[in-house]
Amino acid sequence: KFAHDIDCENSELNLLCSLAEHYGMINLLPTLLDYRDDRKWYLEQNAKIHETTTDVAKRLPTIVLNGGRYETWIQKCARGTKSDLYIQKFASKLMMEVRALGAEVLAHPRFKWTSVDREMLISNGKSDGELESNLLSRVLQSCENEVLGILHRHFAKEWHVRAKIFDGLIVELKRKSGNGSDDLAFAMKAAEKACLERGWRVKLVEKPLRGRQHDPIATIKEARSLM
């Protein structure tokens, strides 16, 4: 085993929270912060209420953070289950908080470049809700690129960075250094610290890089189930 797949866990969630902290907008996200800090409990409650798995439950916040609704999740992911008022309120709070953050972020001078994208989206007939969701997604993509740049520069000192894939890196050790930096866990913790010093709270995890070739591809499996 030479190469390692290093990913940012819950990347979108952590980027949103870090973005809010960075610009003094963290008070806009009480529900999102609570979910981030007690994610396991929320997922278990959702899974229990809807009689589904935590893998299905964790797709609800992802859908909401990308402009979707609780009803979308019920229809596409938790089919056959009834809506629940408690979870519906949770999803609604997430949606309102993300919209409030998006409005503040998009008005910030640093992200003035989104005005060009806004004009293009308007010309394509996007609604106001779609505009805000699309533009915030582009802001998060730029933030993700910044984080990946920090990670790349950090790992490149002792590791070959073979590829950037979505929200992670494929890395391979250059040589044994003997000072501890060639230990993957050590390197990941140091990389997390480097990101935090720049205002980005990330959690790095190693994902299986081999031995999964016969596993079904989740996206294809899900698409087939919806047909």
Side-chain angles (χ1 to χ4, degrees), residues 7-108 110-111 114 117-118 121 126-144 147 167 195-196 199-203 205 218 222 226:
D7 281 6
C8 296
E9 188 175 52
N10 304 323
S11 175
E12 192 170 39
L13 170 64
N14 286 322
L15 283 175
L16 273 172
C17 293
S18 291
L19 191 62
E21 288 178 334
H22 197 69
Y23 292 104
M25 304 172 186
I26 201 66
N27 62 305
L28 297 175
L29 305 178
T31 308
L32 191 65
L33 284 175
D34 198 39
Y35 170 69
R36 181 196 68 182
D37 296 339
D38 206 1
R39 184 170 177 262
K40 184 174 182 289
W41 182 86
Y42 274 102
L43 294 181
E44 288 175 348
Q45 290 299 306
N46 189 5
K48 181 179 179 180
I49 289 170
H50 289 97
E51 298 181 342
T52 186
T53 65
T54 53
D55 281 340
V56 173
K58 70 182 180 183
R59 296 212 58 215
L60 173 59
T62 301
I63 286 173
V64 173
L65 294 182
N66 283 279
R69 304 174 67 88
Y70 172 64
E71 292 76 15
T72 307
W73 177 78
I74 286 284
Q75 186 179 41
K76 294 186 175 181
C77 303
R79 293 183 300 169
T81 65
K82 295 181 180 180
S83 62
D84 177 81
L85 184 59
Y86 173 78
I87 301 299
Q88 187 176 39
K89 286 182 178 179
F90 164 72
S92 295
K93 288 178 181 179
L94 283 186
M95 181 176 65
M96 290 187 291
E97 290 175 10
V98 172
R99 285 182 177 177
L101 177 65
E104 293 292 330
V105 165
L106 294 174
H108 195 279
R110 178 184 172 183
F111 303 107
T114 59
D117 292 334
R118 182 183 292 274
L121 291 169
K126 296 292 185 181
S127 66
D128 289 343
E130 290 175 318
L131 274 175
E132 301 303 316
S133 178
N134 276 269
L135 292 174
L136 184 58
S137 291
R138 296 184 188 193
V139 167
L140 288 179
Q141 286 170 8
S142 74
C143 295
E144 186 173 81
V147 169
D167 55 358
C195 288
L196 189 59
W200 300 108
R201 187 189 301 270
V202 301
K203 172 64 176 174
V205 294
E222 180 183 336
L226 297 175

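These figures come from a predicted structure and were not determined experimentally.
Between N14 and R201, the closest heavy-atom pair is CB-O, 3.4 Å. Here the shortest heavy-atom pairing between P61 and K58 reads CD-O, 3.4 Å. When all heavy atoms of F111 and V105 are compared, the closest pair comes out as CD1-O, 3.4 Å. In terms of heavy-atom proximity, N66 sits nearest to E12 at ND2-OE1, 3.0 Å. Shortest non-hydrogen contact noted between T81 and H50 is CG2-O, 3.0 Å. What you find for G68 and M95 is that their closest heavy atoms are O-SD, 4.3 Å.
Residues forming a salt bridge (Lys or Arg N to Asp or Glu O under 4.0 Å) with D7 (at least two apart in sequence, or on another chain): K207. Looking at residues two or more places apart in sequence or on another chain, you find a side chain to side chain contact (heavy atoms under 4.5 Å, CB included) between Q45 and W41. Not counting sequence neighbours, the partners of E71 by the salt bridge (Lys or Arg N to Asp or Glu O under 4.0 Å) test are R69. Listed by chain and residue number, Y42 satisfy the side chain to side chain contact (heavy atoms under 4.5 Å, CB included) test with D34 (two or more places apart in sequence, or in another chain). Under the rule for a side chain to side chain donor-acceptor pair (under 3.5 Å), the partners of N10 that lie at least two apart in sequence or sit in another chain are R39. Shown here are the side chain to side chain donor-acceptor pair (under 3.5 Å) partners of K40, two or more places apart in sequence or in another chain: E44. Applying the salt bridge (Lys or Arg N to Asp or Glu O under 4.0 Å) test to R110 and every residue at least two apart in sequence or in another chain returns E146. Under the side chain to side chain contact (heavy atoms under 4.5 Å, CB included) criterion, I26 pairs with A20, E21, L33, not counting sequence neighbours. For E9, the salt bridge (Lys or Arg N to Asp or Glu O under 4.0 Å) criterion is met by no residue, not counting sequence neighbours. Shown here are the side chain to side chain contact (heavy atoms under 4.5 Å, CB included) partners of T53, two or more places apart in sequence or in another chain: D55, V56. Remark: T114 engages no residue in a side chain to side chain donor-acceptor pair (under 3.5 Å) (not counting sequence neighbours). Taking R138 as the reference, D117 meet the side chain to side chain donor-acceptor pair (under 3.5 Å) condition, with sequence neighbours excluded.
Taking the side chain as every heavy atom from C-beta outward, F90 and V64 never approach each other to under 4.5 Å. Taking the side chain as every heavy atom from C-beta outward, D84 and Y70 approach each other to under 4.5 Å. Under the 4.5 Å side-chain criterion, counting only non-hydrogen atoms from C-beta, E130 is not in contact with L121.
With Y35 contributing its side chain and L94 its backbone, the two residues share no donor-acceptor pair below 3.5 Å. No side-chain donor-acceptor contact under 3.5 Å links T54 to the backbone of L43. At least one donor-acceptor pair closer than 3.5 Å links the side chain of S137 to the backbone N or O of S133.
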Should V139 and L19 be marked as a side-chain contact (heavy atoms from CB on, under 4.5 Å) after you check the CA-CA gap, both sets of side-chain angles, and the distance that decides it?
CA-CA 10 Å; V139 167; L19 191 62; 4.0 Å; yes

Can T31 and M96 be said to form a side-chain contact (heavy atoms from CB on, under 4.5 Å), step by step?
CA-CA 10 Å; T31 308; M96 290 187 291; over 6 Å; no

Step by step, would you call L65 with L32 a side-chain contact (heavy atoms from CB on, under 4.5 Å)?
CA-CA 10 Å; L65 294 182; L32 191 65; 3.9 Å; yes

Give the intermediate values and the outcome of side chain to side chain donor-acceptor pair (under 3.5 Å) for residues S11 and E144.
CA-CA 8 Å; S11 175; E144 186 173 81; 3.2 Å; yes

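If you take CG on L140 and OG on S142, they are separated by 7.5 Å, rounding to the nearest 0.5 Å. One distance of note links CG of L16 with SG of C143; it measures 8.5 Å at 0.5 Å rounding. We find the CG-CZ distance between L29 and R36 to be 9.5 Å, quoted to the nearest 0.5 Å. Atom CG in L60 sits 5.5 Å away from atom CH2 in W73 (nearest 0.5 Å). Distance SG/C8 to CG/L13: 12.5 Å, rounded to 0.5 Å. Taken from CD in E97 to OG in S92, the straight-line distance is 11.0 Å, to the nearest 0.5 Å.
R99 and E104 are not joined by a salt bridge, as no carboxylate oxygen comes within less than 4.0 angstrom of a charged side-chain nitrogen.
The closest side-chain donor-acceptor pair between S83 and Q88, if any, does not fall under 3.5 angstrom.
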